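Computed over heavy atoms, backbone and side chain alike; hydrogens, waters and symmetry mates excluded. Because the structure is predicted, anything quoted here is derived from the model rather than measured. Counting starts at 1 for both ligands and their atoms, following the listed order. Positions are given from 1 along the sequence.
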Amino acid sequence: MEKIDIKSCTLTELRTVTAEMGLPNFRAGQIYSWLHGKRVSTFAEMSDLSASLRSQLDEKFYINTVCIKKKLVSAIDGTVKYLYELRDGNCVEAVLMHYHHGTSLCISSQVGCRMGCKFCASTLAGCVRNLTASEMLDEVYTAQADSGERVDGVVMMGIGEPLDNFEQVMKFLEILSSPEGLNLSLRHVSLSTCGLVDQIRELARRKLQLTLSVSLHAPNDEIRSQSMPINRKYNVEQLLEACRDYFATTGRRISFEYALIAGVNDSPENAAELASRLKGMGAHVNLIPVNPVEETGYRRGDRAAIERFRDRLEQLGVNATIRRELGSDISAACGQLRRQDAAEQENGNVG
Ligand code: SAH
């Protein structure tokens, strides 16, 4: 019989399986606290369980962990980039960032991505598989243990499309925010999506307190469809309609990501069109100078052009900021370290 990934079980699920095993009710809570409160990685460490119960658990379950394969620390701002190796040898990335208000961890939700955005390094080789809730949790637990810092916020903006891995991401959020675990308020979690409309609607129904970021990157279908294939499934108007409904249902304002690409989406007309489409949504626009990825051919404009774009939006009544870039010396943009590592492996240059 295949063993169960115990760290991906919510407390409710753990209660069900332990009841099936004939264990008393309180055991589930006890085991859950060992996994997500004390964050042990073996059953042997669960010292208040009898030896026979520990071996019973060992037979039925396994405890999933990730290990640090590479770690890069920025000399400029102390940003730490982790390359994690998963149980099956696949790798993903996470980035630990320091802000005045605390420490944030950007995590991956899939090995690769199948959304195919033209400017993004994470999707070039497609999607290998979804991450489990336990792997996403362990991205956080491992960064915390390694850095000795408490992670105050989590951003789901690493490799992968979180809403394409909906069920595991929901479990991850439930466990992450549970009082027996890290007890991290979902108000300190941002989830970024390229715009899967059906899942945005489903997420709205859950009424979570998290911040939804939508990667818009264009003011109209013509430009958006060129770089984001998802736009051919759900166009800009369908996406914005789902965003307006999301805001109405949850009361949570949406943040729109807009990567400025020179000559593609950064003209004053683009700013005006964007502002008119976002009007009245209470939206926030986060401008990102596009990170050049060799294969894309996209370039960023100069700083003055980016500031002009922001000012234009502000004049038209749309709240906009330019994202501060952290860890620029360690290629902290997502997907790049994983790709470098894979290329090194292919060339036989391991380690
Ligand atoms: N799949 C999710 C989250 C992962 S990417 C999403 O699409 O939102 C996190 C953010 O970085 C997204 O806004 C994405 O569009 C953006 N991004 C990807 N590649 C980029 C690049 N080369 N330069 C700037 N932003 C990029």
Regarding [atom]: of the candidates [options], which has the closest heavy atom?
atom: atom 1 (N) of ligand 1; options: Cys113, Ser213, Gly160, Cys194; answer: Gly160
atom: atom 4 (C) of ligand 1; options: Gly158, Ser108, Ser122; answer: Gly158
atom: atom 14 (C) of ligand 1; options: Met156, Arg300, Gln110, His217; answer: His217

Is ligand 1 under 4.0 Å from a heavy atom in the side chain of [X], in the backbone, in both, or in neither?
X: Glu161; value: both
X: Met115; value: neither
X: Ile159; value: neither

With distance as the sole criterion, is a donor-acceptor pair present between the side chains of [X] and [Y] under 3.5 Å?
X: Ser74; Y: Asp329; result: yes
X: Asp146; Y: Tyr82; result: yes
X: Asp58; Y: Ser55; result: no

What do you reckon, does Met157 have a nitrogen or oxygen under 3.5 Å from a nitrogen or oxygen of ligand 1?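 No - when backbone and side-chain N and O of Met157 are compared with those of ligand 1, no distance drops under 3.5 Å.
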
Under 4.0 Å from a heavy atom of Glu257: which atoms of ligand 1 are those, numbered in the order shown and with their elements?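 Those qualifying, in numeric order: 13 (O).
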
With a cut-off of 4.0 Å, which atoms of ligand 1 are near a heavy atom of Cys120?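 Near Cys120, meaning under 4.0 Å from one of its heavy atoms, ligand 1 has 18 (C), 19 (N).
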
Under a 3.5 Å distance rule, please check whether [X] uses its side chain to pair with a backbone N or O of [Y] as donor and acceptor.
X: Arg277; Y: Pro219; value: yes
X: Tyr84; Y: Glu139; value: yes
X: Lys171; Y: Ser134; value: no

Verify salt bridge (Lys or Arg N to Asp or Glu O under 4.0 Å) between Arg312 and Glu269, making sure each step is shown before the conclusion. CA-CA 10 Å; Arg312 189 88 194 101; Glu269 295 74 37; over 6 Å; no

